[in-house]
Amino acid sequence: VSMYLSQTAILKWTFYALAAAALFFLRRLFLGSMTFFGVLPFLPPVVLAVIASFELPQPSVIAGIVFGALCDLVLPAPFPCLYTVAFTIAALLISTLVSNLLQQGFPRALLSCVLTFLIVDLLQAAALLPRGGSDAIVPMLSLFARETLLSCLLLAPVYPALRAVRRAFP
């Protein structure tokens, strides 16, 4: 497999990065630190899931590693490299398994989004459960479910923005 990057690929990933930055800016601008049902809408897994739902396994996994590492640098987590590990696993599963189950489109992006949150949440639960004990399971599952449902609403702006990049650079 050649590691040669075409000018088109470089442009596509530059525009993915710019679109993601614009989405993060708009999310901060319009939602700030507002919580809904006790949770904050969480954008990073949504962005990663949609990109991975459009791309082949190799670029998806690289995106998972890079995006996860960036999140690990700026977001608190129960253990180091949580997002790098979770996003890499999610990108691999989305670009292989999910891509074989559903054709490209909104349903695949939605399933990818839920799967990414599930992986992040399972890793967080594995890290936090030993501290909280079995009493923490139900509140944790409730929190994860609310965060996933609320964050999947962010697909409304994320999916069309990233699909436009994908269509401009097939």
Side-chain angles (χ1 to χ4, degrees), residues 13-55 57-98 109-162 165:
W13 287 98
T14 300
F15 276 95
Y16 270 147
L18 291 171
L23 288 162
F24 282 105
F25 173 75
L26 292 171
R27 186 237 165 271
R28 186 83 187 130
L29 184 70
F30 291 116
L31 298 177
S33 53
M34 284 174 26
T35 59
F36 304 86
F37 309 107
V39 292
L40 216 59
F42 192 40
L43 188 56
V46 181
V47 171
L48 184 270
V50 172
I51 290 173
S53 79
F54 291 149
E55 297 298 328
Q58 188 181 13
S60 292
V61 168
I62 293 168
I65 293 167
V66 171
F67 199 48
L70 289 171
C71 288
D72 281 321
L73 288 173
V74 297
L75 297 171
F79 65 89
C81 301
L82 166 78
Y83 296 105
T84 305
V85 172
F87 288 179
T88 302
I89 294 168
L92 182 63
L93 290 175
I94 292 164
S95 60
T96 55
L97 194 68
V98 178
L110 179 60
L111 180 61
S112 300
C113 193
V114 171
L115 179 66
T116 303
F117 272 96
L118 184 67
I119 292 166
V120 170
D121 293 342
L122 283 172
L123 288 173
Q124 285 185 327
L128 295 172
L129 272 178
R131 291 182 226 163
S134 58
D135 294 343
I137 293 174
V138 172
M140 207 181 286
L141 289 176
S142 168
L143 174 70
F144 293 160
R146 285 177 289 152
E147 181 184 57
T148 301
L149 288 170
L150 182 63
S151 299
C152 283
L153 295 175
L154 294 171
L155 278 169
V158 171
Y159 182 78
L162 296 175
V165 173

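Every value quoted in this text rests on a predicted model; they were computed, and no experiment measured them.
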Side chains of C71 and F87: does their closest heavy-atom pair fall under 4.5 Å? yes
Donor-acceptor pair, S142 side chain versus V138 backbone, under 3.5 Å? no
For residues D72 and P80, determine if any side-chain heavy atom of one lies less than 4.5 Å from a side-chain heavy atom of the other. no
All heavy atoms of V46 vs all of S151, minimum pair found to be CG2-O, 3.4 Å
With side chains defined as the heavy atoms from C-beta onward, is the minimum distance between R27 and V158 less than 4.5 Å? no
Could you grab the distance from atom CD1 of I94 to atom CG of L48, nearest 0.5 Å is fine? 6.5 Å
Below 4.5 Å, heavy atoms only, C-beta onward: do L93 and L118 meet side chain to side chain? no
Heavy-atom side-chain contact between I51 and W13 under 4.5 Å: yes
Looking only at heavy atoms, what is the nearest atom pair of G64 and T88, with distance? C-OG1, 3.8 Å
Under the 3.5 angstrom rule, does the side chain of S95 hit a backbone N or O of A52 as a donor-acceptor pair? no
For the student: nearest non-hydrogen atoms of F24 and F67, plus distance: CZ-CZ, 3.6 Å
Spacing of CG belonging to L162 relative to CZ belonging to F15, to within rounding of 0.5 Å: 13.0 Å
If we only count heavy atoms from C-beta on, is the L26 to P157 side-chain gap below 4.5 Å? no
Walk me through whether S53 and V98 qualify under side-chain contact (heavy atoms from CB on, under 4.5 Å). CA-CA 8 Å; S53 79; V98 178; over 6 Å; no
Could you please spell out the steps behind the side-chain contact (heavy atoms from CB on, under 4.5 Å) verdict for I62 and E55? CA-CA 11 Å; I62 293 168; E55 297 298 328; over 6 Å; no
Measure the CG-CZ distance between L23 and R28 for me, rounded to the nearest 0.5 Å. 15.5 Å
Drop me the distance from I89's CD1 to L92's CG, to the nearest 0.5 angstrom. 8.5 Å
Is the number of heavy atoms from other residues, nucleotides or ligands within 6.0 Å of CZ (F144) greater than 12? yes
Hey, what's the ring geometry for F54 with Y159, parallel, tilted or perpendicular (30° and 60° as the breaks)? tilted
Which heavy atom of I119 sits nearest to which heavy atom of A90, and what is that distance? CD1-CA, 3.6 Å
CG of L43 to CG of L155: how many Å apart, nearest 0.5 Å? 9.5 Å
Check the pair Q124, D121 against side-chain contact (heavy atoms from CB on, under 4.5 Å), reporting the backbone distance first and the verdict last. CA-CA 5 Å; Q124 285 185 327; D121 293 342; 3.7 Å; yes
Between the CZ atom in F36 and the CG atom in L153, the distance rounded to the nearest 0.5 Å is 9.5 Å
Is the CZ atom of F37 crowded by more than 12 outside heavy atoms at less than 6.0 Å? no
Note: L40 and M34 closest approach over all heavy atoms is CD1-O, 3.2 Å
Is V120 close to P44 at the side-chain level, that is, under 4.5 Å between some pair of heavy atoms? no
Closest non-hydrogen atom pair between T84 and G68, with its separation: OG1-C, 3.3 Å
